[in-house]
Amino acid sequence: RFVVVSANALVKVPDNVDPSEAAGALLPYLTAFQALNSGINPPLRYKAALTGKSILVAENTGLVGLAIASLAKLSNAKETFLVCPFQLHERAKSLGAIPLNTNSTMWSEALKHKVDIMVETSNIQISTHLENKAKFLKASGRLVRI
């Protein structure tokens, strides 16, 4: 099966990269994109939906969390907070995100009712530190669990 697309929509995969590995590299970004845009009405979806928004990636900032930070920056989000181990702090900063220590007692009061979108990944590593997740969300905020 084939699909016709415009040439400017294609990206050449270098000859030394296995096509299945290239396809797999997209998965964190597709997941991040869906998480950031879930719950938005179709007419508004993808059209400045993140502009001026505060985003918190609350657990296990791995590839998906880093992809969320990257997409949020490209989408003009106001700020993106990534809960991540110290080893990822510089990487988070390089993507325009604000890294947060995995110990939520250090930052939870500062983010109380200030988050528009809170994304949780499936890791339960710090869930016990975030018992009342709703306290981070603004009244119109949304929680996305992936």
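All values derive from a computational prediction rather than experimental measurement.
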Checklist entry - Heavy-atom distance under 4.5 Å between the side chains of Leu143 and Leu137, does that happen here? => result yes
Heavy-atom nearest pair, Pro28 first then Ala67, reads O-CB, 3.7 Å
Determine yes or no for a side-chain-to-main-chain donor-acceptor pair under 3.5 angstrom, with Ser75 supplying the side chain and Ala72 the backbone.
no
Using the side chain to side chain contact (heavy atoms under 4.5 Å, CB included) rule, take Val144 and Glu120 through it: C-alpha gap first, then chi angles, then the decisive distance, then the call. CA-CA 6 Å; Val144 179; Glu120 292 184 310; over 6 Å; no
Is there a donor-acceptor contact under 3.5 Å from the side chain of His113 to the main chain of Ala139?
no
Output yes when a side-chain donor or acceptor of Asp116 lies under 3.5 Å from a complementary backbone atom of Gly141, and no otherwise. no
dist Met106:CE -> Leu100:CG (nearest 0.5 Å) comes out at 9.5 Å
Heavy atoms of Ile98 and Glu79 approach each other most closely as CD1-CB, 4.1 Å
Interatomic distance, CZ@Phe136 vs NZ@Lys112, rounded to 0.5 Å, equals 9.5 Å
Between the NE2 atom in His89 and the OG atom in Ser94, the distance rounded to the nearest 0.5 Å is 12.5 Å
**Item:** Hydrophobic cluster identity match, Ile68 and Leu27, side-chain contacts under 4.5 Å
**Value:** no
Does any non-hydrogen side-chain atom of Thr31 lie less than 4.5 Å from one of Gln34?
-> no
Taken in chain and number order and not counting sequence neighbours, the residues that satisfy side-chain contact (heavy atoms from CB on, under 4.5 Å) with Ala97 are Ala69, Thr80, Leu82, Ala92
I would like to know whether Lys135 and Ser108 meet side chain to side chain contact (heavy atoms under 4.5 Å, CB included); could you show each step before the answer? CA-CA 9 Å; Lys135 74 178 179 180; Ser108 65; 4.0 Å; yes
Is atom NZ of Lys138 surrounded by more than 12 heavy atoms (other residues, nucleotides or ligands) closer than 6.0 Å? yes
Practice prompt. Indicate yes or no: at least one non-hydrogen side-chain atom of Ile55 is less than 4.5 angstrom from one of Phe81.
Written response: no
| field | Sidechain-backbone polar pair: Ser38 side chain, Ala35 backbone, donor-acceptor under 3.5 Å | value | yes
Sorted by chain and residue number, the side chain to side chain donor-acceptor pair (under 3.5 Å) partners of Thr51 (sequence neighbours excluded) come out as none
In this structure, SG of Cys84 is separated from CD of Glu90 (nearest 0.5 Å) by 10.0 Å
Check your understanding: Does some side-chain heavy atom of Pro14 sit less than 4.5 Å from a side-chain heavy atom of Val17?
Key -> yes
### Query
Do the side chains of Asn101 and Phe86 get nearer than 4.5 Å, heavy atoms only?
no
I'd like to check Ile117 versus Leu56 (side-chain heavy atoms, cut-off strictly below 4.5 Å). Are they in contact? no
*Taking it one step at a time, do Leu50 and Leu74 satisfy side chain to side chain contact (heavy atoms under 4.5 Å, CB included)?*
CA-CA 9 Å; Leu50 301 179; Leu74 290 170; over 6 Å; no
> Hey, quick one: are Ile146 and Leu36 part of the same hydrophobic cluster, counting side-chain heavy atoms closer than 4.5 Å, chains of contacts allowed?
Replying inline: yes
Give a yes or no on whether Val115 and Trp107 share a hydrophobic cluster (residues Ile, Leu, Val, Met, Phe, Trp, Tyr; joining criterion: side-chain heavy atoms under 4.5 Å apart).
-> yes
Does the side chain of Leu95 reach to within under 4.5 Å of the side chain of Lys73, using non-hydrogen atoms?
no
Q) Among the clusters formed by ILVMFWY side chains lying less than 4.5 Å apart, do Leu10 and Val3 turn up in the same one? A) yes
